[in-house]
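Below you'll find the structure, written out as structure tokens, and then a few comments.
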Amino acid sequence: MVALTFLLSENGRVHQNVVDYKVENNSMRWSQYFVPTLREDPADAEVVSHKLLLRAGIIRQLAAGIYSYLPLGQRVTLKIMQMLREEMNRIGGQEFSLPALHPAEVWKESGRWDAIGDDMFRLKDRKGADMCLGMTHEEIFTTIARNEIRSYKQLPQIWYQIQIKFRDEARPKSGLMRLRTFIMKDAYSFDIDEAGLDRSFEDQREAYQRIFTRAGIKYTIVEASSGAMGGSASNEFVARTDAGEDLIATCENCGYAANLEKATSRLARITDFVGPKAPEEFPTPGVRTIEDLTTFPGGATAENQIKSLVYVATINNELTAALVLMRGDHQLHETKLADAFGATAIRPAHSEEIRELLGASAGSLGGVGAKESARAANRELVIVADEGLRGRRNMTTGANRDDHHLRGVDLARDMRVDRWADLRTVASGEACPRCETGVLEVYKAMEIGHIFKLGTKYSQSMGATVLTPDGKEVPIVMGSYGIGVERIMTAAIEQNHDQDGIIWPNTLSPFDVVVTITNMKQDSLREAGEELYKDLQRAGLEVLLDDRDERAGVKFKDADLIGIPYRITVGKKIADGLVELFKRRAKTSEDVKLSDIVSRIQKLALAGL
RNA sequence: CGGGACGUGGCGCAGCCUGGUAGCGCGCACGCUUGGGGUGCGUGAGGUCCCGAGUUCGAAUCUCGGCGUCCCGACCA
């Protein structure tokens, strides 16, 4: 029998407490509860959250990027999942459970069977048919939609599930940050038109904000590259932490925030002096870098140079050579370059390729005459220039002749730029592109959620259509919305810990409160602790009773490590009818009357739910 | 997939260079002690030294091959 208790929190929201105290009565005693804490940092863990997850007995590793969740970990996982459920249901989401094992067919229909490389776990069944382990579920939900949804009257639909996903990551890392098998809440919206998608997208966006706020995570919503996922727009939710893998640029002044792969900044205007009527070639023996040329007599400062990089892009399975032009002091952002071309892959050209195209080595390359040089070698070369070079003249750049450069180069006059694009990597301290006075800060963050407007990419390729009121058949307009469960756990720890261990936000903590009996050998303490434990449970709280025959110091250390927000210490003061209330985050301790402690904890534990 | 490091009782490490009976701390079991921030003392259990092949009278140690894990980069729908 599992009873559900519904508790009303201070802000009036119903919190569904799925843990039945009657059932768990005897499994929440630390002496028998499985919490293998570690005194020392495990050798394999580098980032804080990983160390603490292991030390606090929350997870154990099975293989690279594959972890078992121990009882404490499972409790946290269930709390996160429940929270996701509540917020998805609030916006009208309907929960499904889809298979993790998929036939190749549906992935071939959408085109992703071939588009996705080694990141997908693939296998064959006994008949030799191709199968895969689901890394996401657009195809499966679309399959259901196309078979069952016929009319605009059935739309919109918001479908979601909380499922295990598999991705054969090239480099799993940092504990639960990059996993090969992980739990994900993935939701999909189905609308009749773009306007409907906009509403669904906004609903999700608001749900995500509530979710991360409830989870105690400080997050930022950023513009991000939607990559091969396709679609018209995407918002990435990121949590700031040095362990993160993404770089984010934000402006505190106006709230501008973007992933570095999208971020731009405002450049100070440069007015060039009028240069010569045509570029002038001059010898530059030994000069190989922008830096070299700044100190070379007759050279130029970095911002007056044009950096020339040769890249090979894979576009629609065809290789295209590109000459990329940047201002000398600017850094190319490769994702931006790939996005500008719609390329599936890009790489710097090899030195032989460069010589074949331009007749010179890296260090002496330039855009003047570059296309002609490539054509002479029977090759096509696309010239793409960064916006930071627009309108510049009297610049210095390589001459496509070893140990020679050109000065007095005018971009518009001397080069045949095929395409202008924003390719520059933004740096901290640059001016905000949106507001007048803001300055950008660039910092590390981890992705915790991502919402996409897919449009009709999947409905079209897989034939998921409905009839409109006037009887026209149109593809369903879709959105896709994901949140990594483990990433919420990881981000929460990254942002909520101290030297002693984890400090769980109330909403995620595996227990509301831990009751620490300082000395199990004293009957009065033991009995009082047991009594309090039961009282707290009767009040609907999730209580961990530390009834181990350990010294008080050991218990305090462990309680700090596993991060339960409140600890009630049952010690000598019990003779005066007092216990101690220790708040993990504030690290403050106060005496509370035994008769008041239950209601006190109840109020505290519910805050923030 | 490129580069680097590591693999020795449950955990953290030493030993390897210079081949010769496998060691320390923590944890664990037992006893005494202590009892409010990882008590102290004693006794004890526990190891295919990642796997395989080779060199050698003899390999944790040297050589070759493989596997695994971590870190940097590439990648990351």
Side-chain angles (χ1 to χ4, degrees), chain A residues 36-47 50-51 54-55 57 60-67 107 110-120 132 134-139 165-175 177-180 182 184 186 188 224-231 234 236 243-246 259 261 334-335 338 344-348 446-447 450-452 454 457-458 480-482 484 487 499-501 516-522 525-526 546 548-561 567 569-574 579-580 582 587 589 591:
Chain A
T37 57
L38 302 172
R39 208 182 267 238
E40 293 171 285
D41 281 339
D44 277 346
E46 188 89 358
V47 304
H50 190 195
K51 288 180 186 172
L54 288 164
R55 284 193 56 209
R60 284 296 181 263
Q61 183 176 37
L62 183 61
I66 305 177
Y67 288 83
W107 287 83
S110 72
R112 289 161 110 193
W113 180 263
D114 295 317
I116 297 172
D118 292 336
D119 281 359
M120 183 149 69
C132 67
M135 47 196 300
T136 173
H137 283 74
E138 279 81 4
E139 280 80 356
K165 312 275 188 195
F166 299 88
R167 290 185 193 173
D168 195 0
E169 283 283 349
R171 180 144 104 88
K173 59 177 284 198
S174 306
M177 204 167 285
R178 257 170 99 174
L179 294 164
R180 294 199 289 170
F182 57 96
M184 189 165 167
D186 50 323
Y188 305 84
S225 164
S226 42
M229 191 81 172
S234 86
E236 198 178 353
E245 306 175 291
D246 289 358
N259 193 302
E261 62 199 22
E334 293 194 347
T335 306
T344 48
I346 58 164
R347 61 165 175 83
M446 63 182 286
E447 179 180 0
H450 208 151
I451 57 181
F452 294 91
L454 295 176
K457 175 177 164 133
Y458 296 90
S480 160
Y481 318 92
R487 286 193 166 197
Q499 284 199 318
D500 297 320
T516 302
I517 299 171
T518 56
N519 186 344
M520 287 302 287
K521 291 214 163 63
Q522 285 180 34
L525 299 186
R526 206 184 60 240
D546 195 347
R548 294 175 299 169
D549 185 16
E550 290 286 353
R551 294 172 62 89
V554 173
K555 297 186 177 195
F556 294 156
K557 288 285 185 195
D558 271 345
D560 287 351
L561 179 60
R567 184 185 82 214
T569 308
V570 178
K572 342 182 189 6
K573 292 171 194 157
I574 201 75
V579 291
E580 266 170 45
F582 176 78
K587 284 187 157 178
S589 205
D591 291 338

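Throughout, a chain's letter reflects where its sequence line sits, starting with A, and its residues are numbered from 1.
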Look for any protein N or O under 3.5 Å of an N or O in nucleotides 22-25 of chain B and output each such pair with its distance, or none.
unit_1	atom_1	unit_2	atom_2	d
rG25(B)	N2	Glu40(A)	OE1	3.2

- With no hydrogens and no angle check, is any side-chain donor or acceptor of Arg180(A) less than 3.5 Å from a backbone partner on Ala64(A)?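 Looks like yes, one N/O pair under 3.5 Å.
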- Taking Thr518(A) for the side chain and Val570(A) for the main chain, is one N or O donor matched with an acceptor at less than 3.5 Å?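 Yes; judged by distance alone, with no hydrogens or angles, the pair exists.
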Expressed as a whole number of Å, how far does the [atom1] atom of [N] sit from that of [M]?
N: rC6(B); M: rC50(B); atom1: C1'; value: 12 Å
N: rG44(B); M: rU61(B); atom1: P; value: 30 Å
N: rA53(B); M: rU69(B); atom1: C1'; value: 23 Å
N: rC16(B); M: rC49(B); atom1: C1'; value: 11 Å
N: rG47(B); M: rC11(B); atom1: P; value: 14 Å
N: rC64(B); M: rA59(B); atom1: C1'; value: 15 Å

- Considering non-hydrogen atoms only, spot the tightest contact between Arg548(A) and Val554(A) and give its length.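 Closest heavy-atom pair between Arg548(A) and Val554(A): NH2-O, 4.4 Å.
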- What closest approach, in Å, do His50(A) and Asp44(A) show between heavy atoms, and which atom pair accounts for it?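 Smallest interatomic distance, heavy atoms only, reads CE1-O, 3.9 Å.
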Measure the distance from [atom1] on [X] to [atom2] on [N] and round it to the nearest whole Å.
X: Arg167(A); N: rC75(B); atom1: CZ; atom2: P; answer: 17 Å
X: Gln61(A); N: rG7(B); atom1: CD; atom2: P; answer: 17 Å
X: Arg178(A); N: rU69(B); atom1: CZ; atom2: P; answer: 15 Å
X: Ile66(A); N: rC70(B); atom1: CD1; atom2: P; answer: 10 Å
X: Glu46(A); N: rU69(B); atom1: CD; atom2: C1'; answer: 13 Å
X: Leu62(A); N: rU69(B); atom1: CG; atom2: P; answer: 10 Å
X: Arg171(A); N: rA74(B); atom1: CZ; atom2: P; answer: 10 Å
X: Glu169(A); N: rA74(B); atom1: CD; atom2: P; answer: 14 Å

- Counting only distance, no hydrogens or angles, is the base of rC75(B) paired donor-acceptor with the side chain of Arg347(A) under 3.5 Å?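 It does not, because no donor-acceptor pair links the side chain of Arg347(A) to the base of rC75(B) below 3.5 Å.
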Which part of the nucleic acid does [X] contact within heavy-atom distance under 4.0 Å: base, sugar-phosphate only, or nothing?
X: Ala345(A); value: nothing
X: Thr37(A); value: nothing
X: Arg55(A); value: base

- Message: Under the criterion side-chain contact (heavy atoms from CB on, under 4.5 Å), I'd like the reasoning laid out for Arg487(A) against Arg178(A): C-alpha separation, chi angles, the key distance, then a yes or no.
- Response: CA-CA 8 Å; Arg487(A) 286 193 166 197; Arg178(A) 257 170 99 174; 3.8 Å; yes
- Item | Any donor-acceptor N or O pair under 3.5 Å, side chains His137(A), Lys165(A) |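 Distance-only check passes for His137(A) and Lys165(A).
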- Item | Residues Lys457(A) and Glu138(A) bridged, charged N to O under 4.0 Å |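 Answer for the salt bridge query: no.
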- Query: Ala43(A) has a side chain; which of rG27(B), rC75(B), rC13(B) sits nearest to it?
  - Reply: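 From the listed options, rC13(B) comes nearest.
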- Task: Measure from the side chain of Leu561(A), starting at C-beta and using heavy atoms only, and say which of rC71(B), rG38(B), rA74(B) lies closest.
- Result: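 Closest nucleotide to the Leu561(A) side chain: rG38(B).
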- Yes or no on side-chain contact (heavy atoms from CB on, under 4.5 Å) for Asp168(A) and Asp118(A), after CA distance, side-chain angles and deciding distance? CA-CA 7 Å; Asp168(A) 195 0; Asp118(A) 292 336; 5.8 Å; no
- Pick the nucleotide of RNA chain B nearest each of Arg548(A) and Val47(A); which residue has the one closer to the 5' end?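 Mapping each residue to its closest nucleotide by heavy atoms, the 5'-most match is Arg548(A).
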- First encountered from the 5' end of RNA chain B, between Glu447(A) and Ala45(A):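 Result: Ala45(A).
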- Within 45° of the ring axis of Phe182(A) and under 6.0 Å from its six-membered ring centre, is that where the NZ or CZ of Arg167(A) lies?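 Relative to the ring axis of Phe182(A), which defines the angle, Arg167(A) lies outside at least one limit.
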- If the sugar-phosphate is the primed atoms plus P, OP1 and OP2 and the base is the rest, what is the B/S/- string for nucleotides 29-37 of chain B, using protein heavy atoms under 4.0 Å? -----BBBB
